[in-house]
A.B. asks: 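Structure provided below as C-alpha cells; questions to follow.
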Amino acid sequence: MKDLLIREVLARGQELEGKEVEACGWVHRIRDLGALRFLVLRDKSGTLQAVFKRGETPQEVLSRALELREESVVCVKGSLRRAPTREGYEISARDLRLLSAPVEPLPLEVPDSPKATLPTRLKYRWLDVRNPKVSAIFKLKGWIAGKFREHFSSLQFTEIFTPKIVATGTESGADVFPVLYFGKTVYLAQSPQFYKQMAVIAGLERVFEVGPVFRAEPHHTVRHLNEYHSLDIEVGFIESYNDVMDLVEGFFRRLAQDLHEVRELLEEHGAEPLQVPERVPRLTMRQAYEVLAEYGKRVQYGEDLDPEGERLLGSYARERYKSDLIFVTEYPWKVRPFYTMRKEEEPAWTYGFDLLMRGLEVVTGGQREHRYERLRQNLREKGLREEDFSFYLEFFKHGAPPHGGAGMGLERITMQMLGLQNIREARLLPRDTERVTP
RNA sequence: GCCGCGGUAGUAUAGCCUGGACCAGUAUGCGGGCCUGUCAAGCCCGUGACCCGGGUUCAAAUCCCGGCCGCGGCGCCA
C-alpha cells in the first residue's frame, strides 16, 4: 500500500518540504507546455501538481511523462516544494512509475463527469465516481451510516443482521421480488420489520440494522430505488411513539452537530448544513391538513399526503420553525400497515409517524401493536389472511413488550443532505426497472 | 400501472415547429504541431454523429406510423 495519501503529504508540507516524496494516483489533468509539463495527480484525498521540466527532470523521465494520458495510474517521486498552486505545494518530478494506462479513449471526462447525463454516468460509474464531487456523495453516505451505528450503539442498541431471503411477501403493500429457492418461491425482504420486532421480543430490547431492502414497484421517479439501504431501529418498553420520535430526532441532531467533520463534502455540493431546532415540530396529520389548507393545498380528510403536500410542509417547517425536519404524526389507519398501533380512542388514526427532511419523506416509524388479539384483529380489518402471517403472530404469544421503531432511507437522507436531484446519484450502482448492470 | 417528453460524433448540445443553401454547427475529448510556470493553460491543423424499420415528398435530422431505448410526473413508498 502506498505510504501517504495526497492530503497527508500536504498536511505535512512544512516538514516534507525539500524532501523526496512519492505520490500515487490518477492523472487528473495534463497541462503541456512543451519542455514543461504539469500533471495534476488525484487520489481519494485530493490533488497535487507534479512538474516535469527540462533541466530539472531527468531526460528519460521527461520523455516518458510526455507519453502519459489522462486517467493513467502513476506514482511520481520527487522533491516537495512550495508553489503558487491551489494546494500550495508541488512535486518536482525526478521519477515516474506508470502503473496502468487507458487502452482506449475515455467515454467520460472525469473532471466534468457531473455534466454528463445520469445514464451515461451510471454506465461508466467507475469513471464518474473518480470525480471528487461524486465521491463526496459516497463518503458522506458512509459517514452517515457510521454515525447511525455509533449513535445507537452508545444508547445500548445492539446491531442485528436479519435474513434478506424471506417466505412472506406483503407487509405494507409493496411488491416483492420472487426468488427461486431450492424449488420453492421465496422473496427478497422488503424490510427487516418482522425480524427486528422479533429481536426486541427475543430480549435484545434495543436493536438496529443497516441493510439492503428490495422493492419491486415499477416506479419512475427521482426518489425511488428498487434496492436501497435502510437504517432501522426497534426498541422495547416505550411509553408512546413519542419515545421513538425522540430517538429519531436525537439521531438527526447528532448528524447536524457533527456535520462539521464532513464540511468539505457538503461544500463540494454547495449544500447548506442541516438545520435541527431545539425541538423538531410534530404535527398530527389532521393539523397538517389545516396547514396545507393555509398554503392553498387541499388534502382529502383521512387521506395520505402527496409529494406536493410534503414539499409544502417542508417549506412550512423552514419558514415557521427554521427547521429542515418536521414530523407528521397520527397517520390514518387506512394508509398504514397492519402492525401499526391504533389510537385507543380514535381507531381511525394510528401511532404512526413520518419524518420529512426538506420536504421529502425520509423516515417512517411508529408504535407497533404488541397485543396478540389486537394484532389478529388488525390483520382481519386489513383483509389479510392470518395464515400468511402465522409465523409473525407466533412472536407475540409468549410475552412481547410495548415497542416501536423506525426505518430511515439512507439514500434519501444523503440526497436531501446534499441537495441531489436524483436518488440514483446516492447509490453506487442503482437498481431500477431497467438497470441491472453494471 | 397511468400520463407526458425525448433519442444528432467518445461526451454535452444547436438545428426539427416553418422539409431544400446541413455531404449537419458549437464546446469538450481524441490525433498532430508550437510553446520553460500552467492551473477549465493558450494558439494552429485534423478527426468524428442524425436510434432501427417503414411511409409521405422532386427532396427528410426535420413530417407521419411502428418498434426499441432513455428520462420525468403521478400512484406507491424510504
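In what follows, every heavy atom counts, from backbone to side chain, and hydrogens, waters and symmetry copies are set aside. Numbered from 1 within each chain, the chains take letters A, B, ... in sequence-line order.
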A.B. asks: Name the nucleic acid region contacted by A:V213, choosing base, sugar-phosphate or nothing; use a 4.0 angstrom heavy-atom cut-off, strictly under.
C.D. replies: nothing
A.B. asks: At 4.0 Å (heavy atoms only), tell me whether A:R311 reaches a base, stays on the sugar-phosphate, or touches nothing.
C.D. replies: sugar-phosphate
A.B. asks: How would you label the contact of A:T85 with the nucleic acid (heavy atoms, under 4.0 Å): base, sugar-phosphate, or nothing?
C.D. replies: base
A.B. asks: For A:E434 and A:H219, find the nucleotide of RNA chain B closest to each by heavy atoms; which residue's nucleotide sits nearer the 5' end?
C.D. replies: A:E434
A.B. asks: Partner of B:C34 by Watson-Crick or G-U wobble geometry, both contacts under 3.5 Å, or none?
C.D. replies: B:G42
A.B. asks: Hey, does A:D32 reach any base, or is it just sugar-phosphate, or nothing, if we go heavy atoms under 4.0 Å?
C.D. replies: base
A.B. asks: Please figure out whether A:E87 or A:R121 has its closest RNA chain B nucleotide nearer the 5' end.
C.D. replies: A:R121
A.B. asks: Look through every strand shown and name the nucleotide pairing with B:A61 as Watson-Crick or G-U wobble, where both distances are under 3.5 Å.
C.D. replies: none
A.B. asks: Ignoring backbone atoms, establish whether A:T117 has a side-chain N or O less than 4.0 Å from OP1 or OP2 of B:G70.
C.D. replies: no
A.B. asks: Would you say A:R69 reaches B:G31's phosphate, i.e. side-chain N/O to OP1/OP2 under 4.0 Å?
C.D. replies: yes
A.B. asks: Would you say the side-chain atoms of A:S135 pair up with the backbone N or O of A:P132, donor to acceptor, closer than 3.5 Å?
C.D. replies: yes
A.B. asks: Is any side-chain nitrogen or oxygen of A:R424 closer than 4.0 Å to OP1 or OP2 of B:G72?
C.D. replies: yes
A.B. asks: State the pairing partner of B:G72; accept Watson-Crick or G-U wobble contacts with both distances under 3.5 Å, and report none otherwise.
C.D. replies: B:C3
A.B. asks: Base, sugar-phosphate, or nothing: which does A:P119 touch, judged by heavy atoms less than 4.0 Å apart?
C.D. replies: sugar-phosphate
A.B. asks: Base, sugar-phosphate, or nothing: which does A:L225 touch, judged by heavy atoms less than 4.0 Å apart?
C.D. replies: base
A.B. asks: Under 4.0 Å, counting only non-hydrogen atoms across every strand here, what does A:V40 touch: a base, just sugar-phosphate, or nothing?
C.D. replies: nothing
A.B. asks: Does a side-chain N or O from A:R223 land closer than 4.0 Å to OP1 or OP2 of B:C74, or not?
C.D. replies: yes
A.B. asks: Look at all strands and tell whether A:N422 reaches a base, only sugar-phosphate, or nothing, counting heavy atoms closer than 4.0 Å.
C.D. replies: sugar-phosphate
A.B. asks: Can a donor-acceptor pair under 3.5 Å be found between the side-chain atoms of A:E90 and the base atoms of B:G37?
C.D. replies: yes
A.B. asks: Could you identify the nucleotide paired to B:U18, looking across every strand shown and requiring Watson-Crick or G-U wobble geometry with both distances under 3.5 Å?
C.D. replies: none
A.B. asks: What does A:E411 touch in the nucleic acid at a heavy-atom separation under 4.0 angstrom: a base, only the sugar-phosphate, or nothing?
C.D. replies: nothing
A.B. asks: Work out how far the P atom of B:U11 is from that of B:A49, and round it to whole angstrom.
C.D. replies: 13 Å
A.B. asks: Closer than 4.0 Å, any side-chain N/O of A:R435 to the OP1 or OP2 of B:C71?
C.D. replies: yes
